[in-house]
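Note that these values count all heavy atoms, side chains included, but never hydrogens, waters or copies made by symmetry.
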Number of protein chains: 2
Amino acid sequence: MTLNKLISHFDKYLPLSSKEKEELGDRITEKKIRRRQFILSKYEVCRFYTFIISGLFKMYAVDKNGTEHILQFASENEWISDIGSFHSDKPSRLYIEAIEPSVVLQIEKSNLLYLYTHFPKFDRNFRVIIENKYIELENRVLQNISSTAEERYQTFLEQYPQLSNRLPNTQIASYIGITPEFLSKIRNNISKK
Amino acid sequence: MTLNKLISHFDKYLPLSSKEKEELGDRITEKKIRRRQFILSKYEVCRFYTFIISGLFKMYAVDKNGTEHILQFASENEWISDIGSFHSDKPSRLYIEAIEPSVVLQIEKSNLLYLYTHFPKFDRNFRVIIENKYIELENRVLQNISSTAEERYQTFLEQYPQLSNRLPNTQIASYIGITPEFLSKIRNNISKK
DNA sequence: ATATTATCTTAACATAGATTAAGAGTATTT
DNA sequence: AAATACTCTTAATCTATGTTAAGATAATAT
């Protein structure tokens with residue numbers, strides 16, 4: 001059963017007690033998501049933390065020209081949410097869309113707050129989870145302000161080798177902040193070396 | 001006394017009990033930091049979370065050409081740390097340097113872990129603190145991959161109006177990921193409008 | 001199976017931003 | 001108060017990256 005995948009995810013941090021597992025199970029909903037289906041759209045409030053059992057998502061903004069800018073990919077055993085919108089209850093500027101058919105577990109804000117309040121272990125585990133995501137983001141910012149597009153692309157390939165196979169280059173280009181045409185040129189340069 | 005500044009900082013989240021205040025006070029060290037003094041250098045392990053009572057710091061990497069790339073500024077009532085190095089005990093690639101004479105409170109890892117373990121409120125409060133920093137960083141990444149240098153500069157001025165007065169433009173340029181010369185050109189363009 | 005839509009590539013041209021160099025103005029240090 | 005070290009600006013030139021357009025291939029939907 002899919003809840004077990006979430007429970008073993010927490011085993012990497014402070015493992016849950018039976019009581020905590022039960023309370024968590026009672027507050028979580030499983031969903032199948034089709035490819036290209038959205039679990040968050042611009043102007044909506046993000047009401048869930050979504051844990052991915054299987055599949056792949058992207059979270060992105062769309063600018064005035066209609067160009068997508070991908071903030072995050074997330075696959076199996078990762079959380080995805082617009083946590084700004086989630087915590088402020090303000091409309092999001094972001095979309096979260098399934099790139100592959102996916103299965104997810106979702107928890108609503110009121111339920112998450114319940115867990116935080118009654119079982120401090122969730123505060124602990126999510127503190128550590130978000131610390132790790134923070135570290136990743138910091139590295140990405142550093143790359144963005146200090147490296148060329150080619151370096152960023154190489155880093156992406158090294159850091160997410162499995163992801164790069166599952167994604168079209170268009171979306172990798174969007175993630176590293178360049179156009180698909182320029183990525184194509186970069187790939188051509190690399191292959192000549 | 002400076003500890004009170006830290007205690008009121010926590011009041012914005014879940015306020016501390018007297019016991020928690022006492023335990024916190026016992027585990028924190030106050031330091032005066034001179035301008036240009038480093039509280040973290042490359043190759044050192046980052047051993048502290050540093051809370052700023054007064055003053056201003058920058059955290060940055062230096063590339064092969066000797067160019068600084070500023071990841072973060074932090075001033076009064078903010079935390080600064082290389083949390084990647086702090087949690088992994090691995091040498092940092094970053095410097096944290098005082099831009100102004102400063103007063104800080106520092107807590108060592110073992111002491112922070114003690115507080116986390118014995119007083120779950122610290123897990124809670126730091127979870128929320130880092131969530132907010134995560135949201136800020138996400139916005140910065142989005143800007144970096146989707147906006148021009150001029151837009152990033154304008155956003156910086158709007159988002160940190162007080163900071164922009166305390167910083168030389170060189171450092172603002174580094175933070176938004178451009179050269180000082182190009183920032184100068186941008187400022188010239190803006191003033192012509 | 002066909003039609004449609006997305007992806008990838010290439011090339012010519014355009015532009016944002018980097019580099020180099022130099023000079024003037026401000027702070028900081030001695 | 002002088003000397004030194006930063007900061008800011010301008011301009012010329014260079015380079016990384018974007019834009020537009022088009023064709024080829026691959027994937028998806030009907």
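- The phosphate of C:dC8 (OP1 or OP2) has no side-chain N or O of A:Arg187 nearer than 4.0 angstrom.
- Centroid-to-centroid, the aromatic rings of B:Tyr13 and B:Phe126 stay 6.0 Å apart or farther.
- Residues forming a side-chain contact (heavy atoms from CB on, under 4.5 Å) with B:Lys32 (at least two apart in sequence, or on another chain): B:Val103.
- Note that the CD1 atom of B:Ile130 and the NZ atom of A:Lys133 stand 12.0 Å from one another [nearest 0.5 Å].
- Of the candidates A:Arg36, A:Arg34, A:Arg166, A:Arg166 is the only one forming a salt bridge (charged side-chain N to carboxylate O under 4.0 Å, His left out) with A:Glu100.
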Could you go through residues 57-64 of chain A and list every donor-acceptor pair under 3.5 Å that involves a side-chain atom there, pairing it with any protein atom two or more places apart or in another chain?
residue : atom : partner : partner atom : Å
A:Lys58 : NZ   : A:Glu68 : OE1          : 3.0
A:Lys58 : NZ   : A:Glu68 : OE2          : 3.4
A:Tyr60 : OH   : A:Glu97 : OE1          : 2.6
A:Asp63 : OD1  : A:Asn65 : N            : 2.9
A:Asp63 : OD1  : A:Gly66 : N            : 3.2
A:Asp63 : OD1  : A:Thr67 : N            : 3.0
A:Asp63 : OD2  : A:His69 : NE2          : 2.8

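- In this structure, A:Ser147 has no side-chain hydrogen bond (donor to acceptor under 3.5 Å, both in side chains) partners at least two apart in sequence or on a different chain.
- In this structure, the CD atom of B:Gln37 is 17 Å from the P atom of C:dT28, given to the nearest Å.
- Bending across the helix from C:dA1-D:dT30 to C:dT30-D:dA1, expressed as the angle between its end axes from five pairs apiece, amounts to 70° (10° rounding).
- Annotation: salt bridge (charged side-chain N to carboxylate O under 4.0 Å, His left out) contacts of B:Arg93 (sequence neighbours excluded): none.
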Show the distances under 3.5 angstrom between N or O atoms of the protein and N or O atoms of nucleotides 2-5 of chain C.
none

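- Using bins of under 30°, 30° to 60° and over 60° for the plane-to-plane angle, the ring pair B:Trp79/B:Phe10 lands in the tilted bin.
- By the ring-ring contact (aromatic ring centres under 6.0 Å, His included) test, A:Tyr175 is found to be paired with A:Phe73, A:Phe156, residues two or more places apart in sequence or in another chain being considered.
- For DNA chain D, the outermost nucleotides in 5' to 3' order that have an atom under 4.0 Å from a heavy atom of chain B are D:dT7 to D:dT10.
- A side-chain donor from one of A:Gln106 and A:Thr50 sits under 3.5 Å from a side-chain acceptor of the other.
- Proximity of residues 160-170 of chain B to DNA chain C (heavy atom under 4.0 angstrom from any strand atom) is not detected for any residue.
- Every residue two or more places apart in sequence or in another chain was checked for a side-chain hydrogen bond (donor to acceptor under 3.5 Å, both in side chains) with A:Ser85, and none qualifies.
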Report each atom pair, protein N/O against N/O of nucleotides 15-22 of chain C, whose distance is under 3.5 angstrom.
residue : atom : partner  : partner atom : Å
C:dG17  : OP1  : B:Ala149 : N            : 3.1
C:dA18  : OP2  : B:Thr179 : N            : 3.2
C:dA18  : OP2  : B:Thr179 : OG1          : 3.3

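- With salt bridges taken as basic N to acidic carboxylate O contacts below 4.0 Å, none links B:Lys121 and B:Glu23.
- Using a 4.0 Å cut-off between charged nitrogen and carboxylate oxygen, A:Glu181 and A:Lys185 do not count as a salt-bridge pair.
- In this structure, CD of A:Gln171 is placed 12 Å from P of C:dA6, rounded to the nearest angstrom.
- For B:Lys90, the NZ atom counts as loosely surrounded, since its 6.0 Å shell holds 12 or fewer non-hydrogen atoms of other residues, nucleotides or ligands.
- Among residue pairs with one or both ends in residues 132-152 of chain A, none qualify as ring-ring contact (aromatic ring centres under 6.0 Å, His included); sequence neighbours excluded.
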